[in-house]
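Notes follow once the structure below has been shown.
Just so you know, these numbers come straight off a predicted model, no measurement behind them. What you see below is based on every heavy atom in this structure, not just the backbone, and it leaves out hydrogens, waters and symmetry mates.
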Amino acid sequence: MLLRLRVSLPDRPGVLGQVARAFGVMGADILQVTVLERQAGRAVDDFTVSWSGVFEPAELRDRIGVVPGTRVEGVWPTREVPGASLDYDLLGHVAGDPDRAYVTLVDAVADLVSAEWAVAVDSAGGAIVHGSWQAPESVPASELTPLRATAFDEGGLHLVSVPMDGVHLVVARSQGPAFHRAEVDKIVRLAGIVSVLAGGVSRTACARATTSRRAGPAV
């Protein structure tokens with residue numbers, strides 16, 4: 001399986017090597033390291049690893065945490081395949097079919113930030129316009145704001161809400177840590193580019209595309 005681990009560690013030479021060795025001892029193959037932040041002598045890195053599953057993920061967390069000065073902030077499954085360039089694929093699909101821009105974004109964005117599901121919520125009424133695979137029929141909406149992107153926790157979920165053209169894009173994960181500001185920035189940038197490529201396609205077009213997909217081909 002693929003796992004994502006968020007590790008806070010001292011930002012000094014040799015520590016990253018110690019963490020890598022600890023992964024190797026546990027039989028975890030590091031596929032990608034993403035630096036989320038570096039400040040005040042510490043770094044926060046996301047490690048994507050291929051994991052045999054011989055041990056529980058909690059044990060992997062404990063073993064990595066033994067490295068002096070490190071703190072494992074979260075361990076959770078991911079579908080984000082390193083090197084797959086899914087963000088470029090997403091933008092390519094949106095450019096090719098702007099009428100389905102929001103549907104395409106909702107269907108793809110969760111995998112781009114190792115989340116579980118995403119929905120487009122009508123800004124006016126709070127109803128879900130379109131949901132990705134595994135999305136629930138309703139989402140916590142008390143913190144949705146039309147002014148800016150917001151990361152918050154509610155109902156046992158870590159959530160990000162990004163206002164777009166008549167909808168809020170909401171991305172969620174129930175496992176792992178809260179969304180880091182680098183992840184929020186990535187979602188905001190993708191949403192902004194998709195809005196430009198969509199050329200003002202409204203929530204009505206998003207709902208129409210969703211209804212068409214659910215109805216299937218006419219017979």
Side-chain angles (χ1 to χ4, degrees), residues 6 34 36-37 44 46 74 76 78-80 86-214:
R6 182 159 299 164
T34 302
L36 298 178
E37 68 176 71
V44 177
D46 271 4
W76 72 105
T78 179
R79 298 190 300 271
E80 185 181 351
L86 296 180
D87 47 351
Y88 294 113
D89 292 339
L90 162 64
L91 297 177
H93 286 300
V94 170
D97 191 357
D99 287 344
R100 292 182 57 85
Y102 289 170
V103 171
T104 302
L105 175 62
V106 169
D107 286 343
V109 69
D111 286 350
L112 299 180
V113 290
S114 294
E116 294 167 28
W117 51 263
V119 295
V121 179
D122 189 327
S123 299
I128 292 179
V129 179
H130 179 70
S132 69
W133 180 66
Q134 292 187 326
E137 295 182 357
S138 63
V139 298
S142 63
E143 297 292 332
L144 299 186
T145 168
L147 300 178
R148 59 183 176 82
T150 306
F152 60 99
D153 292 348
E154 188 169 330
L157 294 171
H158 303 301
L159 298 163
V160 174
S161 169
V162 179
M164 298 182 67
D165 180 22
V167 298
H168 279 84
L169 172 66
V170 180
V171 186
R173 72 163 64 113
S174 62
Q175 304 181 65
F179 287 93
H180 190 274
R181 64 175 178 270
E183 294 177 298
V184 177
D185 288 346
K186 180 175 183 178
I187 297 171
V188 170
R189 287 195 302 271
L190 284 171
I193 296 171
V194 167
S195 291
V196 172
L197 293 175
V201 173
S202 70
R203 62 179 180 272
T204 303
C206 179
R208 187 165 57 244
T210 301
T211 302
S212 174
R213 187 180 69 170
R214 288 175 177 171

*Can you establish whether the number of heavy atoms outside Glu137 located under 6.0 Å from its atom CD is more than 12?*
no
*CG/Asp111 to CD/Glu116 distance, rounded to the nearest 0.5 angstrom?*
11.0 Å
*Find the distance between CG (Leu91) and OG1 (Thr104) and round it off to the nearest 0.5 Å.*
10.5 Å
*State the NE2-CG distance between His168 and Leu159, to the nearest 0.5 angstrom.*
12.5 Å
_Quick check: do Val121 and Val167 have side-chain heavy atoms less than 4.5 Å from each other?_
no
*Could you go through the side-chain contact (heavy atoms from CB on, under 4.5 Å) check for His93 and Arg100 one step at a time?*
CA-CA 9 Å; His93 286 300; Arg100 292 182 57 85; over 6 Å; no
*Without swapping roles, check the side chain of Arg173 against the backbone of Val113 for a donor-acceptor pair under 3.5 Å.*
yes
*Show your reasoning for whether side-chain contact (heavy atoms from CB on, under 4.5 Å) applies to Asp46 and His180.*
CA-CA 10 Å; Asp46 271 4; His180 190 274; over 6 Å; no
_Ser174 and Leu157, any side-chain heavy atoms less than 4.5 Å apart_ = yes
*Could you please spell out the steps behind the side-chain contact (heavy atoms from CB on, under 4.5 Å) verdict for Leu36 and Arg6?*
CA-CA 9 Å; Leu36 298 178; Arg6 182 159 299 164; 3.3 Å; yes
*Between Val171 and Ile187, is a side-chain contact (heavy atoms from CB on, under 4.5 Å) present by the stated rule, with each step listed?*
CA-CA 9 Å; Val171 186; Ile187 297 171; 4.1 Å; yes
_Minimum-distance pair of heavy atoms, taken over all atoms of His158 and Gly176_ = NE2-O, 3.0 Å
*asked:* Which heavy atom of Ile128 sits nearest to which heavy atom of Pro136, and what is that distance?
replied: CD1-O, 3.4 Å
*Which heavy-atom pair separates Gly131 from Asp107 by the least distance, and what is that distance?*
O-OD1, 4.1 Å
*Indicate the atoms forming the closest heavy-atom contact of Tyr102 with Ser195, along with that distance.*
OH-OG, 4.0 Å
*Can you tell which of Val184, Val109, Val188, Val170 makes a side-chain contact (heavy atoms from CB on, under 4.5 Å) with Val160?*
Val184
*Looking only at atom types and distance, does a side-chain atom of Thr150 sit under 3.5 Å from a main-chain N or O of Ser161, one as donor and one as acceptor?*
no
*For Phe152 against Glu154, the heavy-atom pair lying closest together*: CE1-OE1, 3.7 Å
*Minimum heavy-atom distance between Gly74 and Pro177, given as atom pair plus value*: CA-CD, 3.9 Å
*asked:* Rounded to the nearest 0.5 Å, what separates atom CG in Leu190 from atom NZ in Lys186?
replied: 6.5 Å
